[in-house]
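Following: one structure in structure tokens, then a few remarks.
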Amino acid sequence: MAMSNVGRPTAPHASSSQGFQSLTGGRGLLQDEPLIFELGGWTKTGVDLPPAEHDASDLEGLVRSSPIGLPGLSEPEAMRHYVRLSQKNHAIDLALYPLGSCTMKHNPRLNEKMARLAGFADLHPLQPVATTQGALQLMDRLAHWLKTLTGMPAVALTPKAGAHGELCGLLTIKAAHEAAGQGHRRTVLVPTSAHGTNPATAAFVGYEVREIAQTDDGRVDLADLEAKLGPDIAAIMVTNPNTCGLFERDILEISRLTHAAGAYFYCDGANFNAIVGRVRPGDLGVDAMHINLHKTFSTPHGGGGPGAGPVVLSEALAPFAPAPWLVSGPDGFELVEEAKDEAAQAFGRMCAFQGQMGMFVRAYAYMASHGSDGLRQVAEDAVLNANYIKARLATVMTPTFPDGPCMHEALFDDVWLEGTGVTTLDLAKALIDEGFHPMTMYFPLVVHGAMLIEPTETEPKRELDRFCDAMLALAAAAKAGDAERFKGAPFLAPMRRLDETQAARKPRLTWRPELTTVAPAPLAAE
Ligand SMILES: *Cc1c(COP(=O)(O)O)cnc(C)c1O
């Protein structure tokens with residue numbers, strides 16, 4: 001996209017092979033690759049089609065008058081293009097992907113096999129319900145697991161991501177307040193360390209957002225919460241474990257105070273991976289919580305695929321859950337598609353159909369293959385791995401909260417980089433040269449130069465050590481005054497350091513073919 005317009009600056013680094021430039025822009029066996037549209041072939045087609053039997057006059061006045069503008073590549077050309085692109089991407093199947101908050105963990109191939117079973121993969125959302133009983137049963141089992149693991153009585157399966165789940169939760173809360181004559185509650189409280197989607201969702205629903213302060217040890221400031229709770233507060237949104245990688249020690253008091261003020265407790269459950277099988281959010285007084293199936297129950301995400309963000313709901317909120325409702329009738333499972341019958345108080349719908357079936361299958365396969373004891377071990381191993389990284393890196397780097405263990409992610413600040421001339425961003429870019437995807441940078445916002453590292457439970461010790469060795473080697477280079485290694489990094493990536501401000505402010509998201517320069521011969525087979 002925007003990248004092709006940025007150009008490829010040459011490496012300024014003088015030492016060793018890093019200054020070497022090939023003549024074609026390739027690196028070793030990795031070829032430089034243009035956009036598929038730049039490969040062109042406008043006048044060609046990759047397939048041989050017989051001439052049309054009926055000519056275009058059937059289309060009356062609707063005949064295309066200019067080339068369609070699709071690159072006419074042959075199968076091997078198209079194949080090579082995408083394989084070359086895939087080699088430029090980092091992937092969890094290649095190495096550790098330590099992005100904190102994102103929970104990038106191995107996606108078992110069994111998940112993929114199950115999701116590709118024809119009975120799931122070829123379903124049509126408008127098929128008669130009698131022909132989709134197996135799929136509905138899988139959704140019912142998934143719902144059962146989610147309710148059991150969270151200790152909550154209901155779950156809305158349709159939200160398609162964590163942020164979409166937050167929207168679902170707040171719309172449910174809004175409907176419940178309105179039904180109780182509490183529609184005047186217009187404010188949502190959000191801690192300063194929250195993920196950006198929390199305040200964004202509250203604002204999108206029309207709520208005013210107020211921040212709750214954080215204590216020096218990285219938790220919700222109870223006194224500040226208590227001072228801000230009142231008759232205008234609709235809900236609090238608290239992440240637990242929070243985005244500093246810490247368990248909210250006062251969570252029971254937080255929920256008691258919230259309920260006493262007549263507000264609902266929305267929990268951002270994106271970090272459920274750290275506590276699944278160990279803690280049931282329902283026992284903590286949570287009223288609504290999204291679960292990122294694509295974080296806790298594997299399944300690819302980011303560039304790898306879509307997500308799903310089911311929302312578990314308390315007794316008080318369950319009647320307002322969005323349609324469709326999956327219910328068990330005399331003839332098997334049924335879908336209540338509108339706000340009527342048992343779903344009379346449903347606030348509406350989150351999407352056109354029944355949600356991300358492929359994600360449901362993957363998540364259920366993950367649950368069923370782990371079992372309840374295996375899922376508990378997921379949380380234990382995720383926390384163990386993060387603490388291993390925290391302990392090894394704390395020998396040089398500065399953990400933001402040095403006292404006590406962390407949960408599933410280890411948070412460092414940039415105090416240890418003082419005087420080196422190297423920033424968090426430089427360090428992250430240098431990590432790319434060492435073959436790792438960078439950690440999450442500058443988030444949470446409350447920590448200066450934050451580096452948030454989440455290994456997940458699927459990394460073996462060997463890989464954790466490889467990562468720590470790379471970080472410690474870079475730290476030593478920074479301390480030894482080798483700032484040049486960092487300032488120009490990455491030297492070895494297909495793209496060098498990009499102008500990220502320009503990319504964010506003026507992204508070029510479309511590519512326009514210069515069709516005037518090609519012969520307007522539509523779709524002639526060569
Ligand atoms: C990932 C994440 C979200 C948003 O989830 P998406 O599935 O990306 O929409 C919200 N909160 C936290 C803490 C997260 O880590």
Side-chain angles (χ1 to χ4, degrees), residues 92 97-105 107 146 156-171 188 190-205 209 212 214 218-220 235-248 251 265-276 281 286 288-312 350-351 355-356 358-360 362-363 379 382 386 406-411 437 439-447 450-456:
I92 192 69
Y97 209 136
L99 267 187
S101 214
C102 291
T103 315
M104 303 298 264
K105 63 195 201 182
N107 177 54
L146 293 174
L157 289 178
T158 49
K160 296 193 172 188
H164 204 208
E166 291 170 31
L167 179 62
C168 175
L170 288 198
L171 289 174
V188 168
V190 180
T192 45
S193 65
H195 194 271
T197 50
N198 292 187
T201 302
F204 186 72
V205 174
V209 179
I212 320 170
Q214 182 173 310
R219 271 87 171 185
V220 167
I236 60 162
M237 296 180 91
V238 171
T239 310
N240 193 32
N242 67 27
T243 53
C244 296
L246 303 169
F247 194 85
E248 289 289 352
I251 194 78
F265 178 4
Y266 186 90
C267 181
D268 179 330
N271 296 335
F272 193 43
N273 197 52
I275 56 172
V276 61
V286 168
M289 181 180 96
H290 74 262
I291 302 166
N292 307 57
L293 294 188
H294 49 286
K295 292 180 182 174
T296 300
F297 302 106
S298 65
T299 77
H301 67 118
V311 178
V312 286
M350 291 304 293
C351 64
Q356 304 276 44
M359 294 291 105
F360 297 162
R362 288 176 175 91
C406 58
M407 295 294 292
H408 59 300
E409 49 198 359
L411 179 59
H437 191 288
M439 63 283 175
T440 287
M441 302 177 283
Y442 302 107
F443 176 80
L445 304 176
V446 286
V447 174
M451 306 172 202
L452 187 61
I453 303 173
E454 178 175 9
T456 82

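Only this structure's heavy atoms are used, side chains among them; waters, hydrogens and symmetry mates stay out. Counting convention: from 1, in listed order, for ligands and their atoms alike. We number each residue from 1, following the sequence as shown.
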Side-chain contact, heavy-atom cut-off 4.5 Å: Pro306 with Met359?
yes

Glu409 side-chain N/O to Ser101 backbone N/O, donor-acceptor pair under 3.5 Å
yes

Between ligand 1 and the protein, which N/O pairs fall short of 3.5 Å?
{"from": "ligand 1", "atom 1": "5 (O)", "to": "Asn292", "atom 2": "ND2", "distance (Å)": "3.0"}
{"from": "ligand 1", "atom 1": "7 (O)", "to": "Gly162", "atom 2": "N", "distance (Å)": "2.7"}
{"from": "ligand 1", "atom 1": "7 (O)", "to": "Asn292", "atom 2": "ND2", "distance (Å)": "3.1"}
{"from": "ligand 1", "atom 1": "7 (O)", "to": "His294", "atom 2": "NE2", "distance (Å)": "2.7"}
{"from": "ligand 1", "atom 1": "9 (O)", "to": "Gly162", "atom 2": "N", "distance (Å)": "3.2"}
{"from": "ligand 1", "atom 1": "9 (O)", "to": "Ala163", "atom 2": "N", "distance (Å)": "2.8"}
{"from": "ligand 1", "atom 1": "11 (N)", "to": "Asp268", "atom 2": "OD1", "distance (Å)": "3.4"}
{"from": "ligand 1", "atom 1": "11 (N)", "to": "Asp268", "atom 2": "OD2", "distance (Å)": "2.6"}
{"from": "ligand 1", "atom 1": "15 (O)", "to": "Ser101", "atom 2": "O", "distance (Å)": "2.8"}
{"from": "ligand 1", "atom 1": "15 (O)", "to": "Ser101", "atom 2": "OG", "distance (Å)": "2.8"}
{"from": "ligand 1", "atom 1": "15 (O)", "to": "Lys295", "atom 2": "NZ", "distance (Å)": "2.8"}

Side-chain donor or acceptor of Asn242 paired with backbone N/O of Gly218 under 3.5 Å
yes

To check you understand the geometry: which heavy-atom pair defines the closest contact between Asn273 and Lys105, and what is its length?
OD1-NZ, 2.6 Å

Once ring-ring contact (aromatic ring centres under 6.0 Å, His included) is applied, do any residues pair with His437, and if so which ones, sequence neighbours excluded?
His90, Tyr97

Quick one: does any side-chain atom of Thr440 pair with a main-chain N or O of Gly100 as donor and acceptor, under 3.5 Å?
yes

